[in-house]
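These notes are about the structure you will find just below.
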Amino acid sequence: MDDLQSPPWINPSETRTALAQGTGHGIRIAVLDSGIDGNHPQLDGITLTDNLCIKAEGGIISVHEGDGQDLFGHGTAVAGILHKIAPDAEIGNFRVLGAFKEARASVIRAGARLAIDRGYHILNCSFGCPGKTEFLMGFKSWIDEAYTRGVHVVAACNNQDYSITEWPAHFPSAISVSRAYGEPDQLFFRPGDLVEFGALGEEKKAAWLEGGSRSVIGSSFSAPRVSGLLARLLSKHPGLPPLLAKSAMRAVADPWPN
Amino acid sequence: MSGLSISPGSELTAASQHLRSELSSIGDRLDSESFTRILPPLAKNTLLGTFRKIGAEHGAIWLVDRTGDNLVPVFGCGKHADEFLNGKFKLPTNQGLISMVFATGQPFCENNIHQNPGHSPLLDTKLGVCTEAMIAIPLTFANSLRGIVSCVHLSEEHTEQEPKIFSGVDLGDLELASATIARLLDLTLIEQILGWQDG
């Protein structure tokens, strides 16, 4: 955040305690996705702190208040998982997906910057853009801004091969997540790769459109588990900057499962 | 340092950006007909072999059209394939699971689809079938996300039998197939740009 202090380093014991006892209280998570159905039963009547749609039309990017309804169900599923892991975290709906190809990077950038300006602590990015040079600066600008302003970026990686370069997952300042098999709130760490973290990527009854649910699999659903765990941590240690939070989570994560 | 270390020649390095631009340009101009023409037999065999391995009765490659508003099936297998290929169907990019994968760029596997009111019914209605489970994988070639590889379990009608499902292992197998197809498409296009193919 702008008024970033220099919090003390937290040790592994404090980190484990925070991950076990934190609820996400006081932490705001921006879901950059396909929208959220805030009335879904799995969201327990939470009030979305923002409900926005960012569009690109005719080369002009515009923000539409109160128009963040879910186009596909994907964002609602992500929000449902977040809410399970960090039930007291506040969730903001930033619909940036649904605008394709060239428009997508600029729409995502606009949504991310808006979330940063509105004081969100975590940006959940359950998407990936091909890691091509032409898209690089469109992502680097807001990823760097998030880092310097103390905002945490959690990103899903490419499932085909986590080493395939994708934005935003392949920025070192992001907490990048691939699919793993484990318990719902279990965190895994794989040293030596840009995509360092793993979490369960399967949800038997993920929240979906029209109050329904679906069985889903994908790294898209690993990322919100890590965002939720991060929210637990930050709720106990507010102001922990991205570098320290990432290091603390590295220190307590389980070894990558075979 | 042991082993062969390859350093790109200066002339080729200078040409690589041009080659890359040309690849993107051709990718942007691909339509259903031209895609079908360039899809290598090895890519088709890879995909069909993967469908067989994971037990998928039906599968397809979807390509985004030039407007970006629709995904169009350009290759398919299964007994209903002829009913939705060759311009007989297109899926709006703001509806359904396949479009969602195109939006997020993230692979996706989903079971028990028919129980869910949010599932896009367009193709099911057209074919008179019920989709039980689906895997959808982004297809990124010619420097962009340009399509989706998908497979499904179908039933002809809702039954009380245990629905067929896909697993995470099946998802991984189709991801590998999609990545392989993408590399084969890139290689085919580059060969054509460089004039390495007779046709």
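Residue numbering restarts at 1 for every chain, and letters A, B, ... go by the order of the sequence lines.
- To the nearest 0.5 Å, the span separating NE2 on A:H74 from OG on B:S99 amounts to 13.0 Å.
- Closest heavy-atom contact between B:G96 and A:F72: O-CD2, 3.4 Å.
- Here the shortest heavy-atom pairing between B:L145 and A:P130 reads N-CG, 4.1 Å.
- For NZ of B:K90, the number of neighbouring non-hydrogen atoms (other residues, nucleotides, ligands) closer than 6.0 Å is 12 at most.
- Here CE of B:M100 is found 4.0 Å from CH2 of A:W208. Values are rounded to the nearest 0.5 Å.
- B:F108 has its side chain out of reach of A:S220: every pair of non-hydrogen atoms, C-beta onward, lies at least 4.5 Å apart.
- The part of B:I137 that comes within reach of chain A is its side chain, from C-beta onward, which places non-hydrogen atoms under 4.5 angstrom from that chain.
- Of all heavy-atom pairs spanning A:T133 and B:R20, the tightest one is N-NH2, 3.9 Å.
- What you find for A:Y181 and B:G168 is that their closest heavy atoms are OH-CA, 3.5 Å.
- To the nearest 0.5 angstrom, A:F221 atom CZ is 10.5 Å from B:C109 atom SG.
- Few gaps surround NZ on A:K84; more than 12 heavy atoms of other groups in view lie less than 6.0 Å from it.
- Of the residues considered (A:S34, A:C157, A:G201, A:C125), A:C157 shows the highest number of contacts with chain B, using heavy-atom pairs under 4.5 Å.
- No other option in A:G211, A:G73, A:G128 has as many heavy-atom pairs under 4.5 Å with chain B as A:G128.
- Taking CG from B:L171 and CZ from A:R179, the interatomic distance works out to 4.5 Å, rounded to the nearest 0.5 Å.
- B:K88 NZ: more than 12 foreign heavy atoms inside a 6.0 Å radius.
- With a 4.5 Å cut-off on non-hydrogen atoms, A:E166 touches chain B through its side chain but not through its backbone.
- In B:R183, the CZ atom is not crowded: 12 or fewer heavy atoms of neighbouring residues, nucleotides or ligands sit closer than 6.0 Å.
- Neither side chain, A:S126 nor B:Q106, offers a donor N or O lying under 3.5 Å from an acceptor on the other.
- The CD1 atom of A:I164 sits 9.5 Å away from the CD atom of B:E175 when rounded to the nearest 0.5 Å.
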